[in-house]
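Take a look at the structure below.
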Amino acid sequence: DAQLISGTGQLQVVYPPDGVTGVGPSTTLTVSGGGSLFDDDFVGPLQYRFQIDESVLFDSPALKDSGWIAHYGQWKPVLKPGTEHFWRVKVRDSGTPPRESAFSTIRTMRTRNPSIWYVRPLVDLDDAEDDLGNPVADPGVYGKQDGTSYANAFNGIADVKWGPGGVEAGDTLYICDTHVYRARHSYWAPPVVGYIPESGFSPEHPITIAMDYPDAPGTLCGFFRDEQAEVNWVGPDENGVYRTQDLPYGVAVEAQDDGYLWLERATTPTWKGHFGAVYNVPRQNESWFVDTTYVKMSDGGKPGSRLYSPNEGFRFDLGRSNYVVFANCRFLNSQIIADSNLRTGSEEPPSHHVVLADCDLGYCYETQIDLREDMDNWTIRRCNIHHAGRGINCMVGHNLLVEDCSIHEIGAPQFPNTDAHAIGIAHGSGHILQHNHLWNVEIGRAHV
């Protein structure tokens, strides 16, 4: 998919053409040439400067300016959907001093209106994998599989198309049905990650990820069933406990007719009472694997294929995307992670202006919502955050708003943590914590 873009010749618009309508809000403005403005006697590389505005006079508060870009003649601003835009470009060389052209003639385009997209649970019957060991979605499972309707939904969150022809600013993506990972890996089961490479335009025109589609409400599960081999159960013993050595990842969840039960943690290999409990014994030399699993089902019956392993499964990664709303979502041991300056270097700031509203987030062994340096302007409103090592952690950020939330069972025996905050704030400014209900929290504190 390489493109060869030359700096010689006339300054020409490659995309989008003048007067086009229905352009995606994440479109890339692309030009080529411009060298002839300097009689093709220029010091390379050529540099381009784009401006785009909702006013033909380029004087409104909506004006975006790329600054000088010293390569490729491309710029990708995030645009307001359903709006007419005016744009222009000029060019200069890299001489000392540089020679600079005037702005080009003004071109127009209109972005498309917001769209609704759908994704349903991953189906991977042929067990195909990519180079990283991740499952590859089977084609044609959900009709056209282009995400445009429930019948033609994307096949799993890693199959969602983002950007032009897919989810962009102003759009809503419905996560439909319950997403539980069936893994068939010989050694390790990596999580299936839905990377979000696009940003919304503003708080009024975000990318919205919702799980309240009326006919098929969604749940994203961070656990999986290990299907690489048949599981042989021994038991029950005199206390009704079954055991197996065929589950290297152990057990955490029992499937029930109306949902999933997170099993209590037993403290011995066999026990009286305590139905719906599990004891995972780690391997002696490989503590990240489980040697023997002891379990007593909630109904006292044989485990069969009703049990699921923890930690992996499905999750979203914001990367450095901004203006994203998670609305009416249900996450079971499924974190929303984002890139931080501690992990990678980038000119793009970490994710900011992210909203979680009316969400249920629970059963996370680590921190449920972990905000790092410069992840500013996050809002967590009317959420139920429960059963986690830590609830909300904000290391160095600004303007965190947590309001009308229920936060409970943090640092509980099943989810121990030596620093079990309900809300933990280390540094920053402008934080507001109000009207929250906290209970059954091992350590409930906020340092502001």
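In this chain, numbering begins with 1 at the start of the sequence shown. In this text the structure is predicted, and so the values were computed from the model without any measurement.
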Donor + acceptor pair across side chains of [X], [Y] (<3.5 Å):
X    : Y    : value
Q245 : T292 : yes
H387 : N333 : no
H437 : S406 : no
D376 : N399 : no
R390 : T367 : yes

Taking all heavy atoms of [X] and all of [Y], pick out the closest pair and write down the distance.
X    : Y    : result
D124 : P135 : OD2-CB, 3.3 Å
P248 : R283 : CB-NH2, 3.8 Å
S199 : S321 : OG-CA, 3.3 Å
P203 : Y323 : CD-CE2, 3.3 Å
A277 : W271 : O-CZ2, 3.6 Å
C383 : L361 : CB-CD1, 4.2 Å

Looking at [X], I want to see if its [atom1] is surrounded by more than 12 non-hydrogen atoms of other residues, nucleotides or ligands under 6.0 Å.
X    : atom1 : answer
E366 : CD    : no
Q284 : CD    : no
H274 : NE2   : no

Salt bridge (charged side-chain N to carboxylate O under 4.0 Å, His left out) against D177, all qualifying residues, sequence neighbours excluded: R120
Side chain to side chain contact (heavy atoms under 4.5 Å, CB included) partner of L356, chosen from I392, I369, I385, T379: I369
Side chains of residues 211-218: which donor-acceptor pairs under 3.5 Å do they make with residues two or more places apart or in other chains?
{"from": "D212", "atom 1": "OD2", "to": "N328", "atom 2": "ND2", "distance (Å)": "3.1"}

[X] side chain to [Y] main-chain N or O, any donor-acceptor pair under 3.5 Å?
X    : Y    : answer
Y15  : V31  : no
R110 : G82  : yes
N155 : V123 : yes
S66  : F50  : yes
N377 : H352 : no
H431 : H427 : yes
D237 : G240 : yes
W117 : A153 : no
S309 : G250 : yes
R225 : S305 : yes

Rounded distance [0.5 Å steps], OG in S334 versus CD1 in I157: 7.0 Å
Straight-line distance of C329 SG to Y174 OH, nearest 0.5 Å: 11.0 Å
Do [Y] and [X] meet the salt-bridge criterion of a basic N to acidic O distance under 4.0 Å?
X    : Y    : answer
D404 : R381 : no
E168 : R112 : yes
D317 : R315 : no
K64  : D53  : no
K76  : E198 : yes

Parallel, tilted or perpendicular: ring planes of F326 versus F331, cut at 30 and 60 degrees: perpendicular
Aromatic plane relationship, F224 with Y181 - under 30° parallel, 30 to 60° tilted, over 60° perpendicular: tilted
Beyond-backbone contact of T219 with C221, side-chain heavy atoms, under 4.5 angstrom: yes
All pairs passing side chain to side chain donor-acceptor pair (under 3.5 Å) where residues 293-303 contributes a residue, at least two apart: E254-S298, Q256-S298, N280-T293, D299-R306
Verdict with supporting geometry, N436 and V402, side-chain contact (heavy atoms from CB on, under 4.5 Å): CA-CA 8 Å; N436 299 295; V402 183; 3.7 Å; yes
side-chain contact (heavy atoms from CB on, under 4.5 Å) between V180 and R182, worked out: CA-CA 7 Å; V180 179; R182 271 76 175 178; 3.5 Å; yes
Verdict with reasoning, H386 to D360, per side-chain hydrogen bond (donor to acceptor under 3.5 Å, both in side chains): CA-CA 8 Å; H386 58 97; D360 187 287; 3.0 Å; yes
Sub-6.0 Å ring centroid separation between F223 and Y260: yes
Output field: ring centroids W87/H85 closer than 6.0 Å: no
Worked verdict on M109 versus L79 for side-chain contact (heavy atoms from CB on, under 4.5 Å): CA-CA 11 Å; M109 63 178 175; L79 304 177; 3.4 Å; yes
Pair L307-V253, side-chain contact (heavy atoms from CB on, under 4.5 Å): steps then yes or no: CA-CA 6 Å; L307 292 173; V253 176; over 6 Å; no
